[in-house]
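Report on one structure; see the data block that follows.
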Amino acid sequence: MEYISLTISIIAITMSTITFWLTRVKKGNVKMTKPSVIFFGPDGVGNDHKKIFIRTLLYSTSLRGVYIQNMHIKLIGKSLNQIFNIWIYDDNGLVRGSGLFIDKSGISSNHHFLLPKSNSNFKFIEGNYDLEIYVEVVDRKPKKIYEQKLHLTKDQSDEINNNSAGVYFDWTPNMQAYQSHIDRRPKVDEKIDDYLKFLTLTKPEK
């Protein structure tokens, strides 16, 4: 009887230790689901400034959760290695990404990645691309959490660069592939335009 009581006590202590480690000690990693849509194009109609947009769910691999302090996209193509480092996401309205807590249940949101104003002449060219998504967790170096190969046709790149059109890559589960199409009238994101104007107006003078 004493051995049974001792065994139960050891099991209880072990379970408590494991639970404490999982919830209080173990640091989780950030992962994301395959984006339901990826967009290459202008940041609004009549705007030459280019952006990449995705819709995805971010989640933590641990119960403890993690704090994201930044995200960016690296777009790699022929003679191209461009970083889209201005991160804006939906949080009861569009906000500049500067801190986001992700737990195990995750957060589904729209994410916009823009170029700095100094890269206003950037063009999406025809060819194959590797799209890489990075997250920067507090006290950790940026880490790649997703990679996707995409292709832009000549017609698509011409539409983006010459006619301010956009190209959507929609995930089709039955085909397990992205299907792309041109949208010659992409939705104007006035909130982002206003937000970027606000950043410009409030930028401290040198």
Side-chain angles (χ1 to χ4, degrees), residues 28-62 64-75 82-117 119-120 122 124 131-138 140 142-148 150 160 164-173 178-183 185-203:
N29 294 314
V30 177
K31 290 193 175 184
M32 61 174 278
T33 58
K34 185 178 290 292
S36 57
V37 61
I38 300 172
F39 171 83
F40 288 178
D43 180 29
V45 175
N47 192 338
D48 291 333
H49 203 68
K50 303 299 188 295
K51 75 172 181 181
I52 296 176
F53 162 87
I54 66 170
R55 173 76 181 179
T56 189
L57 181 139
L58 297 169
Y59 64 95
S60 170
T61 58
S62 75
R64 181 181 177 183
V66 293
Y67 292 92
I68 295 176
Q69 63 183 11
N70 219 324
M71 291 183 65
H72 70 269
I73 280 181
K74 180 185 291 186
L75 191 64
Q82 181 64 56
I83 294 179
F84 291 71
N85 60 2
I86 297 178
W87 170 42
I88 298 172
Y89 67 94
D90 293 342
D91 182 18
N92 296 320
L94 293 169
V95 297
R96 178 71 179 267
S98 60
L100 185 63
F101 177 73
I102 304 293
D103 59 17
K104 197 171 181 64
S105 60
I107 296 178
S108 182
S109 184
N110 298 325
H111 298 268
H112 307 256
F113 298 89
L114 289 79
L115 292 166
K117 288 293 185 181
N119 293 88
S120 58
F122 173 83
F124 286 101
L131 182 146
E132 299 177 351
I133 300 176
Y134 291 79
V135 298
E136 182 183 350
V137 174
V138 174
R140 301 189 206 174
K143 180 181 179 181
K144 181 171 66 176
I145 62 170
Y146 183 79
E147 182 175 4
Q148 180 64 50
L150 299 168
I160 294 175
S164 294
V167 173
Y168 287 90
F169 299 88
D170 293 308
W171 178 249
T172 52
Y178 280 101
Q179 298 293 306
S180 62
H181 69 274
I182 298 171
D183 188 337
R185 292 188 300 173
K187 294 180 180 179
V188 179
D189 214 329
E190 295 179 353
K191 290 183 179 179
I192 288 185
D193 289 339
D194 291 342
Y195 184 78
L196 291 176
K197 289 177 183 176
F198 170 77
L199 290 179
T200 301
L201 292 173
T202 56
K203 184 177 180 180

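The closest side-chain heavy-atom distance from Val66 to Asn29 is not below 4.5 Å. Put simply, the side chain of Phe53 reaches to within 4.5 Å of the side chain of Val37, judged on heavy atoms. In this structure, Lys31 and Ile145 have side chains that are not in contact, with every pair of non-hydrogen atoms separated by 4.5 Å or more. In this structure, His112 and Phe84 have side chains that are not in contact, with every pair of non-hydrogen atoms separated by 4.5 Å or more. Under the 4.5 Å side-chain criterion, counting only non-hydrogen atoms from C-beta, Thr56 is not in contact with Ile133.
With values rounded to the nearest 0.5 angstrom, Leu115 atom CG is found 10.5 Å from Ile73 atom CD1. We find the CG-CD1 distance between Asp43 and Ile52 to be 12.5 Å, quoted to the nearest 0.5 Å. Distance check, rounded to the nearest 0.5 Å: CD1 of Ile107 to OG of Ser60 gives 11.0 Å. Between Ile38 atom CD1 and Leu150 atom CG the span is 5.0 Å, to the nearest 0.5 Å. In this structure, CD1 in Ile88 is found 5.0 Å from CG in Leu114, a value given to the nearest 0.5 Å. With rounding to the nearest 0.5 Å, the separation of NE2 in His49 from CD1 in Ile86 is 5.5 Å.
Partners of Phe124 under the ring-ring contact (aromatic ring centres under 6.0 Å, His included) rule, at least two apart in sequence or in another chain, are Phe40, Phe122. Applying the side-chain hydrogen bond (donor to acceptor under 3.5 Å, both in side chains) test to Ser105 and every residue at least two apart in sequence or in another chain returns Asp103. Contacts of Trp87 classified as side-chain hydrogen bond (donor to acceptor under 3.5 Å, both in side chains), with partners at least two apart in sequence or in another chain: His111. Applying the side-chain contact (heavy atoms from CB on, under 4.5 Å) test to Gln69 and every residue at least two apart in sequence or in another chain returns Glu136, Val138. Not counting sequence neighbours, the partners of Gln148 by the side-chain hydrogen bond (donor to acceptor under 3.5 Å, both in side chains) test are Lys34, Tyr146. Residues meeting the ring-ring contact (aromatic ring centres under 6.0 Å, His included) test with Tyr178, sequence neighbours left out: Trp171. The side-chain hydrogen bond (donor to acceptor under 3.5 Å, both in side chains) test applied to Arg55 returns Ser108, Asn110, not counting sequence neighbours.
The aromatic rings of His72 and Tyr134 lie parallel to each other, with less than 30° between the two planes, well short of the 60° mark.
Of all the heavy atoms in Val167 and Ser180, the pair that sits closest is CG1-CB, 4.2 Å. Across all their heavy atoms, Tyr59 and Lys104 have their closest contact at CB-O, 3.9 Å. For the pair Tyr89 and Gly99, the tightest heavy-atom approach, listed with the atom from each and the gap, is OH-O, 3.2 Å. Here the closest non-hydrogen pair linking Pro42 and Ala165 is CD-O, 3.0 Å.
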